[in-house]
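In this text, all values refer to a predicted model and were calculated from it rather than measured experimentally. Because only heavy atoms are used, hydrogens play no part in the values below, and waters and symmetry mates are left out as well, while side chains stay in.
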Amino acid sequence: MMMVNIVWLKRDLRLTDHRPLVEACRNGGPVLLLYVLEPSVWQAGDLSRRHLDFVRESIEAMQEKLRERGTPLYAISGEMIETVLPALYDTYGAFTLYAHEEHGTPDTYKRDEAVRRWIKERGLSFYEYAPFGVRRGTSGREQFAAQWKQAMERPLYDAPDHLPPPETVPPGFSKNVQHVLQLETVPGESIRYGQEGGEGPAADSLLSFLEERHVHYEHHIGRPLAAGLSCSRLSPYLAFGSISLPAVVQKTNEALDQMPDPADRRPLEAFRSRLVWHCHFIQRLETEPEIAHTSIQPAFDQLERETADEPYERWLHGETGIPMIDACMKQLWKTGWLPFRMRAMLVSFVTHTLFYDWRRPAEDLARLFLDYEPGIHFSQVQMQAGTTGFNTIRIYNPVKQGRDQDPDGHFVKRLLPALNNVPVSYIHEPWKDPHFFHRNYPGPVVDIQQANRRARKLLWDVKEAHAASRETKDAMAKHASLRKAPPENKKPSSEQLQLFDPEKME
């Protein structure tokens with residue numbers, strides 16, 4: 001019997017530009033496509049039902065294409081080491097495993113190490129491939145730009161025309177993926193208005209963005225209503241691998257080649273620059289997985305943080321009495337998406353204005369962001385919370401953000417019906433409205449100005465006291481950008497991304 005080639009699907013739910021799949025077919029012999037629902041991963045606290053629904057939709061879209069090729073896709077619920085690998089070994093004896101590297105949390109990092117050990121101990125082969133411009137186990141910062149460029153310019157892989165399935169599969173491996181994905185209880189609820197998973201919606205989003213929606217990209221990037229149309233909206237598709245980053249970069253370059261006018265090119269050039277930062281932030285977590293749980297500059301952990309549940313729960317559920325915060329949280333619960341500046345504002349408010357430790361909102365926001373990408377998420381939360389030690393501490397005033405990004409209050413009124421009749425002059429500070437006490441809306445949970453002044457002093461005192469510390473210098477050497485400082489009066493791209501670009505390239 002020919003050796004079976006196992007393609008282990010993780011955050012790479014597509015057929016096009018999928019190197020493990022192509023290499024498995026080239027090796028000859030049967031090919032088994034497998035998605036593993038690992039309870040330890042889905043119960044770790046950072047994933048939720050909305051992510052599982054997106055995964056299900058993505059896999060179902062793959063299954064439709066695979067049916068045309070006469071190949072099923074299997075799923076199983078179980079741990080890789082305890083259940084899945086032994087079942088494969090019992091059924092096939094020797095097999096070859098193929099997968100993309102997963103640049104995830106410390107838990108998935110340790111899981112991958114355990115899988116490699118298990119395979120090596122039995123004399124089997126495991127081929128892992130980089131999905132984009134991140135290098136496993138090392139920052140490679142000096143070579144990062146060249147490595148990224150090389151990864152993005154490689155030829156894309158066509159989806160295989162024929163994938164010969166194995167004659168038999170281990171017990172518990174099922175073609176009924178929807179049933180398998182329902183076996184594990186995952187926190188959270190399904191959302192009605194989130195983006196749909198799959199290669200088709202991903203390709204449609206990219207095409208519509210490159211052809212028309214990008215025109216106002218730079219101007220609408222921070223506005224909570226307009227950004228929904230003018231941003232690429234590719235973030236969940238990149239996070240779960242419905243489309244590959246090299247494909248996005250190459251399609252963007254092709255579109256730019258058709259634009260001789262510099263003014264026409266500017267929005268897509270701004271978008272393309274954020275694609276580089278996508279990998280830069282993921283490389284941070286790959287280099288130091290513990291930053292998902294540990295402050296990059298531990299001196300900030302000495303600060304006495306708020307611990308009361310009530311203010312935090314009001315923030316989490318959009319009941320702070322501060323319209324821009326509440327509207328953003330309501331939209332996040334409803335759709336799983338916000339533009340980058342609004343995400344920055346939410347993190348700033350909970351970690352600075354309310355003064356909670358960054359770890360608590362990091363986990364809750366991970367469950368809410370449909371486009372949750374661990375490497376980008378934890379790096380950005382720490383940057384915005386000011387705990388890196390080498391980034392500037394930025395504290396947002398949500399009233400000012402409301403006036404700047406939603407001057408007419410359309411976004412606020414759409415998400416907060418209780419404020420529908422509030423005059424525009426009061427919409428971002430409704431407590432100043434003479435009729436406020438007749439409205440069904442809470443008063444502000446905190447005095448913003450006073451709380452921000454306190455946070456600014458406490459955080460900057462720590463930052464300045466430890467600016468020359470070994471921890472800060474080590475963190476800068478390991479994680480900070482190597483780009484030269486930009487000319488005066490020009491915002492560096494690091495500042496743009498520090499405002500919490502989820503897409504990380506929106």
Side-chain angles (χ1 to χ4, degrees), residues 1-37 52-77 84 87-88 91-92 94-102 125-132 154-181 196-207 234 236-238 240-248 250-251:
M1 184 175 71
M2 297 187 70
M3 185 175 294
V4 176
N5 302 289
I6 313 297
V7 179
W8 176 21
L9 300 169
K10 293 183 279 185
R11 283 179 172 253
D12 52 353
L13 302 177
R14 62 182 185 274
L15 297 182
T16 305
D17 199 33
H18 197 294
R19 186 176 177 186
L21 182 58
V22 170
E23 297 293 347
C25 292
R26 286 176 178 170
N27 194 41
V31 177
L32 173 63
L33 274 74
L34 179 64
Y35 182 82
V36 182
L37 181 71
L52 195 58
D53 288 341
F54 194 85
V55 166
R56 175 184 53 77
E57 292 163 356
S58 301
I59 292 177
E60 288 174 350
M62 290 179 69
Q63 286 179 314
E64 285 188 23
K65 291 189 174 184
L66 287 167
R67 275 193 285 269
E68 302 170 0
R69 294 166 168 81
T71 300
L73 187 155
Y74 290 90
I76 184 173
S77 177
V84 179
L88 290 167
T91 301
Y92 301 123
F95 63 86
T96 305
L97 185 63
Y98 297 84
H100 274 121
E101 295 170 349
E102 181 174 359
S125 297
F126 181 19
Y127 298 100
E128 289 183 282
Y129 303 96
F132 34 65
R154 65 159 175 78
L156 302 181
Y157 297 93
D158 293 330
D161 293 326
H162 180 60
L163 295 86
E167 295 180 359
T168 185
V169 297
F173 285 41
S174 175
K175 299 177 189 178
N176 189 344
V177 173
Q178 185 169 4
H179 171 72
V180 171
L181 298 189
E196 181 184 2
E199 279 190 84
D204 290 344
S205 293
L206 177 60
L207 182 63
L234 288 171
Y237 302 115
L238 286 167
F240 289 95
S242 299
I243 193 170
S244 76
L245 187 63
V248 174
Q250 292 183 30
K251 291 291 184 182

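Closest approach of V169 to Y92, counting heavy atoms only: CA-OH, 3.4 Å. Here the closest heavy-atom approach between residue A24 and residue V31 is recorded as O-CG2, 4.0 Å. The shortest non-hydrogen separation linking L33 to P72 is CB-O, 4.4 Å. Shown here for F54 and F240, the closest heavy-atom pair between the two residues is CD2-CD1, 3.8 Å. Heavy atoms only, all atoms of each residue included: V177 and A75 are closest at CG2-CB, 3.9 Å. For the residue pair T71 and P164, the shortest heavy atom distance occurs at OG1-N, 4.4 Å.
No donor-acceptor contact under 3.5 angstrom links the side chains of N27 and Y127, judged on distance only.
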**Request:** Evaluate the side-chain contact (heavy atoms from CB on, under 4.5 Å) criterion for residues H100 and K10: first the C-alpha distance (whole Å), next the side-chain angles of each, then the deciding distance (0.1 Å), finally the verdict.
**Result:** CA-CA 8 Å; H100 274 121; K10 293 183 279 185; 5.6 Å; no

**Item:** salt bridge (Lys or Arg N to Asp or Glu O under 4.0 Å) assessment of E23 paired with R26
**Value:** CA-CA 5 Å; E23 297 293 347; R26 286 176 178 170; 3.3 Å; yes

**Request:** Dump the intermediate steps for side-chain contact (heavy atoms from CB on, under 4.5 Å) on I243 and L206, then the final yes or no.
**Result:** CA-CA 9 Å; I243 193 170; L206 177 60; 3.8 Å; yes

**Item:** Test log, rule side-chain contact (heavy atoms from CB on, under 4.5 Å), inputs I59 and L9
**Value:** CA-CA 10 Å; I59 292 177; L9 300 169; 5.8 Å; no

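Remark: L21 CG to N5 CG distance equals 10.5 Å, nearest 0.5 Å. Separation of atoms CG (D53) and CG (L181) is listed at 9.0 Å; rounding is to 0.5 Å. Annotation: the span from S244 atom OG to Y237 atom OH amounts to 15.5 Å, rounded to 0.5 Å. Note that CH2 of W8 is 7.0 Å distant from CG of L97, once rounded to the nearest 0.5 Å. Note that CG of L73 is 10.5 Å distant from CZ of R67, once rounded to the nearest 0.5 Å. Considering CG of L88 and OG1 of T96, their distance stands at 11.5 Å, rounded to 0.5 Å.
Looking only at distances, a side-chain donor or acceptor of Q63 sits under 3.5 Å from a matching main-chain atom of K175. Side-chain atoms of E199 never come within 3.5 Å of backbone atoms of A61 as a donor-acceptor pair (strictly under, hydrogens ignored). D161 places no side-chain N or O within donor-acceptor distance of the main-chain N or O of R69, the cut-off being under 3.5 Å. In this structure, R56 contributes its side chain and Q178 its backbone to no donor-acceptor pair below 3.5 Å. Between the side chain of R19 and the backbone N or O of Y157 there is no donor-acceptor pair closer than 3.5 Å.
Residues P246 and D17 meet the side-chain proximity criterion, which asks for heavy atoms closer than 4.5 Å. For the pair E101/Y129, no side-chain contact is recorded, criterion being any heavy-atom separation below 4.5 Å from C-beta on. Here the side chains of R154 and L156 are in contact, with some heavy-atom distance below 4.5 Å. Taking the side chain as every heavy atom from C-beta outward, N176 and V180 never approach each other to under 4.5 Å. L13 has its side chain within reach of Y35: a pair of non-hydrogen atoms, C-beta onward, lies under 4.5 Å apart. Looking at heavy atoms from C-beta onward, P131 lies out of side-chain contact with L245 at the 4.5 angstrom threshold. Side-chain contact check for P201 versus S242: every heavy-atom pair is 4.5 Å or farther apart. In this structure the side chain of L163 never reaches within 4.5 angstrom of the side chain of V7, judged on heavy atoms.
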